[in-house]
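Beneath this line is the structure, given in structure tokens, with notes to follow.
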Amino acid sequence: MSKEKDISINRDRFSERREGKSHIYEISCANCQTPIMLYQKDGKGNLIRCYTDRIYGVKNIEGLDEEESEPDLSELKNITCSNCHTLIGTSMIYKPEKRPAFQMRKGTYSRKPYKPPKPQ
């Protein structure tokens with residue numbers, strides 16, 4: 001992942017609604033295993049949406065910059081694999097919470113628990 005740094009769980013009103021159980025996952029393309037991003041998943045269950053404020057370690061997501069707190073929604077593009085160009089997620093606004101997110105396409109990505117690199 002680009003720009004490795006300390007990644008900590010973001011605790012806010014959204015995570016509390018989802019039982020306060022959060023995990024960091026490494027999301028990769030299911031087709032070619034190219035790393036896409038690190039994502040904080042709140043609650044249990046499948047990964048249906050990725051909220052932009054929970055994405056860390058951005059890797060080639062057009063319109064989303066790791067340094068920006070609020071993405072420009074007009075610039076936010078779909079998530080596609082930079083290697084094989086598989087469409088992984090489509091940009092959207094999740095209306096109940098009025099949050100920018102990506103609707104994830106089942107079967108196009110894989111997730112595994114994130115393990116930070118060991119200091120050398």
Side-chain angles (χ1 to χ4, degrees):
M1 300 271 81
S2 63
K3 298 182 184 177
E4 292 294 342
K5 61 180 183 179
D6 281 342
I7 296 180
S8 58
I9 300 290
N10 186 1
R11 303 267 182 222
D12 58 13
R13 63 188 172 104
F14 300 115
S15 63
E16 294 307 315
R17 280 191 211 159
R18 292 171 183 89
E19 304 165 9
K21 295 178 182 154
S22 298
H23 306 280
I24 305 278
Y25 288 104
E26 189 172 343
I27 309 297
S28 304
C29 175
N31 190 34
C32 66
Q33 284 71 49
T34 299
I36 305 294
M37 65 183 158
L38 297 179
Y39 182 71
Q40 176 184 325
K41 168 91 170 83
D42 295 333
K44 53 188 174 184
N46 294 329
L47 185 59
I48 298 169
R49 284 176 299 279
C50 285
Y51 299 103
T52 58
D53 62 342
R54 296 286 194 260
I55 295 175
Y56 304 99
V58 174
K59 186 86 171 172
N60 298 323
I61 300 177
E62 196 173 336
L64 188 63
D65 184 1
E66 195 170 8
E67 302 301 318
E68 290 180 21
S69 59
E70 284 292 318
D72 181 358
L73 299 180
S74 65
E75 298 291 320
L76 200 58
K77 306 291 185 214
N78 296 335
I79 299 174
T80 55
C81 177
S82 60
N83 187 39
C84 68
H85 307 292
T86 300
L87 178 61
I88 295 172
T90 55
S91 62
M92 63 174 285
I93 299 291
Y94 183 57
K95 290 181 183 175
E97 296 176 357
K98 298 180 181 83
R99 292 170 75 187
F102 293 100
Q103 181 76 35
M104 302 301 284
R105 298 187 65 192
K106 189 175 182 178
T108 62
Y109 63 91
S110 59
R111 71 177 186 183
K112 65 180 181 181
Y114 173 68
K115 294 181 181 158
K118 294 180 181 174
Q120 297 180 0

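Treat the numbers as computed from the prediction; the structure is a model and nothing was measured.
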Closest heavy-atom pair and its distance - [X], [Y]:
X      : Y      : result
His85  : Ser82  : CE1-O, 3.9 Å
Lys77  : Ser91  : O-CB, 3.9 Å
Ser22  : Asp42  : OG-OD1, 2.6 Å
Ser110 : Cys29  : OG-O, 4.3 Å
Ile93  : Pro100 : CD1-CA, 3.9 Å

Please round to the nearest 0.5 Å and tell me the distance separating atom CD of Gln33 and atom CD of Glu26.
11.5 Å

Separation between OG1 of Thr80 and CD1 of Ile88, rounded to the nearest 0.5 Å:
7.5 Å

Full working for side chain to side chain contact (heavy atoms under 4.5 Å, CB included) between Arg111 and Tyr39:
CA-CA 9 Å; Arg111 71 177 186 183; Tyr39 182 71; over 6 Å; no

Check side-chain contact (heavy atoms from CB on, under 4.5 Å) between Gln103 and all other residues, then give those that pass, not counting sequence neighbours.
Ile48, Arg49, Thr90, Met92

Cluster question for you: counting only ILVMFWY and a side-chain heavy-atom cut-off of under 4.5 Å, with indirect links fine, are Ile55 and Leu87 together?
no

Under the criterion side chain to side chain contact (heavy atoms under 4.5 Å, CB included), I'd like the reasoning laid out for Cys50 against Met37: C-alpha separation, chi angles, the key distance, then a yes or no.
CA-CA 10 Å; Cys50 285; Met37 65 183 158; 3.6 Å; yes

Among Thr108, Ile79, Thr34, the one residue meeting side chain to side chain contact (heavy atoms under 4.5 Å, CB included) with Thr86:
Thr108

Should we say atom CZ of Arg105 is surrounded by more than 12 heavy atoms from elsewhere, each under 6.0 Å from it?
no

For Thr52 and Phe102, run side chain to side chain contact (heavy atoms under 4.5 Å, CB included): C-alpha distance rounded to whole Å, both residues' side-chain angles, the deciding distance at 0.1 Å, then the answer.
CA-CA 7 Å; Thr52 58; Phe102 293 100; 4.0 Å; yes

Any side-chain heavy atom of Ile24 sitting closer than 4.5 Å to one from Tyr56?
yes

Start with the C-alpha distance between Ile36 and Tyr109, add both sets of side-chain angles, then the distance that settles side chain to side chain contact (heavy atoms under 4.5 Å, CB included), and finish with yes or no.
CA-CA 9 Å; Ile36 305 294; Tyr109 63 91; over 6 Å; no

